[in-house]
Structures are given as C-alpha cells and as structure tokens.
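Remember, predicted model here, so these are calculated numbers, not experimental data. Lettering follows sequence order; numbering is per chain, from 1.
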2 protein chains.
Amino acid sequence: MSENVVQRLRDEIENGIISNDFAPGARLDEVQLATRFGVSRTPVREALMQLNAIGLVEIRPRRGAVVIDPGPHRIFEMFEVMAELEGLAGSLAARRFTDADRTTILAAHADCERSSSAGDSDAYYYDNERFHKAIYTASHSGFLAEQCVALHRRLQPYRRLQLRVRNRVATSFAEHGAIVEAILAGDAEQARTLLRQHVSIQGERFSDLVATMASR
Amino acid sequence: MSENVVQRLRDEIENGIISNDFAPGARLDEVQLATRFGVSRTPVREALMQLNAIGLVEIRPRRGAVVIDPGPHRIFEMFEVMAELEGLAGSLAARRFTDADRTTILAAHADCERSSSAGDSDAYYYDNERFHKAIYTASHSGFLAEQCVALHRRLQPYRRLQLRVRNRVATSFAEHGAIVEAILAGDAEQARTLLRQHVSIQGERFSDLVATMASR
DNA sequence: ATGATAAATCTTGTATGCAAGAACATTGAC
DNA sequence: GTCAATGTTCTTGCATACAAGATTTATCAT
C-alpha cells in the first residue's frame, strides 16, 4: 500500500480533503500533520507540495497551506468538463469495447440495479463509481481514464450530495440503462450525448447542488 | 517573479522538460539540480514532487526521478483529450464571448495570418498559442481554461513538430478562419466540431507525429 | 577471462536546525 | 474604551545531517 511515507501522507491528506475531514478553507499546519502521522515536517511538506500541484490545496508564501474552496461556480465548471470527458469516454467505449469490457459494464450495471431498487444511496454511490470506471476502462485510453478518475475523485463529495436529492438514484439508474444500450450497440454519438447529459448538472440540479453545499 | 525557490525550480525544470533540455527518460539528479540552481536538495525535492504529481516526472522509490516518456500512443491519447476540451471551449466561447473576447480573438487571428503568409512557422507557433488561449478565455470557464493551458503546455513539443510538416501552417490557418466564423456567429456545435477536428491528429497526421518523434 | 561476492561509494529518504517573515499579544497614548 | 505601536512567539522556508537502500567497483575463485 504505502510505497513511501510521502505517498502515504499524500493519500491520507487527500482523502481527508475529499471526505471533508479537512474542510475547504481549513489550514493545514505542518507540525500538526507531522505529529499526527508520526513523521517529521519534511515529508509532510512534500505531500502538501503535491496536493498543491494538483490544485487541492493552496500554498500562500510564508502563510501556510489551506484546503482550496472551489465555490459553486467552479464546481459547476468542473462538472462541465467532467461531462465532456465522460462523453468522450462513452463514445470511445462504444467503438472499442471488448467482450471483457461488456462483461464488466453489465456486472456493474447489475449491481447498480440492486442498490438502486434497494434504495440504498450509499451502496449505489459505490456501484455507480464502478460503473463509470468500467466505461473509462472500455474507452481504452489510459490518459483519458486517468483524467476521468482524478476529476471524478475531486467531485466525489458533491456527487454524493447529488445522490441524496430525491429520486436522483432512480433517475440516475434509468439513465445508466440507456447509456449501456448505446455503448453495447456501438452508437458512439448516442453514448456521448447520454453520458454528457448524465453527468452535467444543469438547471435545477445546479440549484440543488448550491443548496446542499450551503447546508453542510 | 519568483514567489519562492520551489516555484522557481518547478518552472525551470518544467521548462527544461517541455523544451527537451531534459529528454524523456533522463535522470533528474537531486544534488546535480541543487548545485546547478545554487540551492539545497530540499527545495529541489519539493519541486520534483510537484512535477511528479502533474505527471511530468516519475519518482521511483530509492532510485530517483526520471522524465516521463509518454510514447506515441499516449501522446495520441493526450491529443484526443485535448481535442475534446478545445471543442468544449469553442462551443462555450460561441455562446458566451464578449466584445472584448471578440477583439482578442480577431487580433490573434490577424497575427496568425501575418506569420502564416510570411511562412514563419516559429512565429506562427506563438501566434497560434495566443489564438487558442483567446478561445479558452472566451469560454469563461476558469477551470476549463486551466486544464486546456496545462495540456497545451504538455503537448507543446509535439505540436511544434506538427507545424513543421509541409503545409501544416497554411492548413492550420485556414481552419482557424472557419473556427473564428463559427464562434462569432454563435454556432456552438459548429465551433465544437471544427476545433475538435483542428486539434485531433487523425490518420496520416499521426504517422507524421510518430515519424517526427522518432527523428529527434 | 569471466562470474560471483563483498566492500566501498553514492543517492535517496527523513529528521533536525536555524533564520526570516507573519501572527499575536502586550503596553501605552489619546 | 479604542486604536496603534512594539515586542514576543509561532510558523514557514531552506539548509544541513544522518541513516538506509542502491549502485558501482574491486577482489577472488573457477
């Protein structure tokens, strides 16, 4: 798991940010983190540098690191880009999927059906993640898959909030059905369009996002 | 200019990689870099950590940092994603551009015309960059613009090679014309399609890329 | 001469030390 | 009582130190 201390710290702090243990705007004190993880400041700093590079924390000169607070508008922009990348992944998947890809996608879809009909939004969250990752893999573009996973991860907390909105799980699963159909039919443009719509948060869904963001 | 030493080092090393001073696969020795830039190993390591986080260098445990060698296939994948993001930027620009955006785009386009008809592919390279950045700006999506700039930067060396292919400058400029027309007409879908085609390297252009990559 | 083994050297990973800037508190003036 | 100025403390930024793994070199046996 832990190649070295820095990578472990990077993952730990990143998870802390994703899971909202370190809230947006929170100060990340070097010595505090160092003592907490039982290491010295050096690897902590190196981990923070990495998180700075990928845009998760801001390092203000001589004033320490803070968790970046994206704000609703930027979150929207990120979903906008995510929608486009997912659309691309879908269209590529429709053209390139193998038998193994089909199996994986259908399995993830079946799991989604189970958690969806059970009304278990937490379980659905994980199954949904697997479903989308299966599509990234089926795109057979390593770079695209990496980009999608990274963005997916950053949007994780907000995506989770989305699923709590009433009927969103059922709606999401219904959309998945159409997406699977388009991909397995090899209809690249349809897969692209459906995935784009599935991911983007338009109209009232943006209002929902802002509302749920404000309430935590 | 230099906020702090680490940022300066990050930029210097990144530029070195982009400009091929540090070739793909090259080892980045910490003490060597430290003495070269007149600093200690600590900030060098922190800079390398950042470059590792954005995928420019690989850090093998206990064995040092090397410049990542993407290889033709991955380069192709990166252009594929770039094309998609540029397409999105174009479609958003077509819907959102302001008077100031129009002015900037037209000015950059005029400069492209000048360097193109002069046959100066180096000058065209820079004007082309300004042209594309003007479109990112006109998209009025800060996140998208950042992603585009970052990817554009990483693809810089290969893009440059592309422009050396015969007639590519003239072809590129002609495509710009149609793109400007679509954006300023507010035709989002047309702008998206044209930009996607403009950026993606399909068919023989991929062969050209591989050939030019091999020859350096 | 070639291969293996062991020793020396080099490099990385982490800790610690020190100086400079920022935050904070105390004191004094109005 | 409020505000400002100054001194103290805390935190960061970088350098240096040291230990452990990796690499290279040298020696020896076959």
Side-chain angles (χ1 to χ4, degrees), chain A residues 1-18 20-71, chain B residues 1-18 20-70 150:
Chain A
M1 179 92 189
S2 67
E3 298 178 353
N4 53 15
V5 178
V6 174
Q7 287 307 315
R8 184 174 64 88
L9 288 176
R10 197 188 86 89
D11 291 345
E12 294 257 22
I13 301 173
E14 184 174 350
N15 285 333
I17 294 174
I18 301 293
N20 214 41
D21 281 346
F22 300 117
R27 208 156 152 291
L28 297 169
D29 188 81
E30 294 179 2
V31 291
Q32 198 172 307
L33 290 169
T35 54
R36 172 169 176 172
F37 294 112
V39 296
S40 84
R41 280 176 50 221
T42 308
V44 171
R45 281 181 60 82
E46 291 178 352
L48 289 176
M49 288 292 175
Q50 295 210 30
L51 296 174
N52 174 57
I54 61 175
L56 267 176
V57 315
E58 180 189 356
I59 295 183
R60 303 163 303 178
R62 294 258 169 217
R63 301 184 62 214
V66 295
V67 180
I68 283 192
D69 182 5
Chain B
M1 177 99 187
S2 66
E3 297 178 352
N4 52 15
V5 178
V6 173
Q7 286 307 315
R8 183 173 64 86
L9 288 176
R10 196 186 85 89
D11 291 346
E12 295 256 21
I13 301 173
E14 184 174 350
N15 285 333
I17 294 174
I18 301 293
N20 214 43
D21 281 347
F22 299 118
R27 208 158 154 290
L28 296 169
D29 187 83
E30 294 179 2
V31 290
Q32 198 171 307
L33 290 168
T35 55
R36 171 170 174 170
F37 293 112
V39 296
S40 84
R41 280 177 49 220
T42 308
V44 171
R45 280 184 61 84
E46 289 176 353
L48 289 176
M49 289 291 177
Q50 295 211 30
L51 296 174
N52 174 58
I54 62 176
L56 267 175
V57 314
E58 180 190 356
I59 295 184
R60 303 162 305 175
R62 292 263 171 211
R63 302 186 60 212
V66 295
V67 180
I68 282 192
D69 183 4

With sequence neighbours left out, the residues meeting side-chain contact (heavy atoms from CB on, under 4.5 Å) with Arg63(B) are Arg60(B)
*Using a 4.5 Å cut-off on heavy atoms from C-beta on, say whether the side chain of Gln7(A) contacts that of Asn52(B).*
yes
Name every donor-acceptor pair, under 3.5 Å, that has one atom in a side chain of residues 34-41 of chain A and the other anywhere in the protein, sequence neighbours excluded.
| unit_1 | atom_1 | unit_2 | atom_2 | d |
| --- | --- | --- | --- | --- |
| Thr35(A) | OG1 | Val31(A) | O | 3.0 |
| Thr35(A) | OG1 | Gln32(A) | O | 2.9 |
| Ser40(A) | OG | Thr42(A) | N | 3.3 |
| Arg41(A) | NE | Glu30(A) | OE1 | 3.0 |
| Arg41(A) | NH2 | Glu30(A) | OE1 | 3.1 |

Nt span of DNA chain C in reach of chain B heavy atoms at under 4.0 Å, 5' end first, is dT11(C) to dT14(C)
Sequence neighbours excluded, the answer for side-chain contact (heavy atoms from CB on, under 4.5 Å) partners of Leu56(A) is Glu14(A), Ile17(A), Leu51(A), Ile54(A), Arg154(A)
Residue pairs meeting salt bridge (Lys or Arg N to Asp or Glu O under 4.0 Å), one or both in residues 49-58 of chain A, sequence neighbours left out, come to none
With sequence neighbours left out, the residues meeting side chain to side chain donor-acceptor pair (under 3.5 Å) with Asn15(A) are Arg153(A)
**Message:** Do Leu9(B) and Gln50(B) have side chains that approach each other closer than 4.5 Å (heavy atoms only, starting at C-beta)?
**Reply:** no
- Could you go step by step and tell me if Ile59(A) and Met49(A) meet the side-chain contact (heavy atoms from CB on, under 4.5 Å) rule? CA-CA 8 Å; Ile59(A) 295 183; Met49(A) 288 292 175; 4.1 Å; yes
Hits for salt bridge (charged side-chain N to carboxylate O under 4.0 Å, His left out) against Asp29(A), two or more places apart or cross-chain, chain-then-number order -> Arg27(A)
Note: contacts of residues 30-51 of chain A with DNA chain C (heavy atom, under 4.0 Å) are Val39(A), Ser40(A), Arg41(A), Thr42(A), Pro43(A)
Across all chains, not counting sequence neighbours, the salt bridge (charged side-chain N to carboxylate O under 4.0 Å, His left out) partners of Glu12(B) are Arg8(B)
Would you list the protein and nucleotides 20-23 of chain D atom pairs, both N or O, that sit under 3.5 Å from each other?
| unit_1 | atom_1 | unit_2 | atom_2 | d |
| --- | --- | --- | --- | --- |
| dT23(D) | OP1 | Arg63(B) | NE | 2.7 |
| dT23(D) | OP1 | Arg63(B) | NH2 | 3.1 |

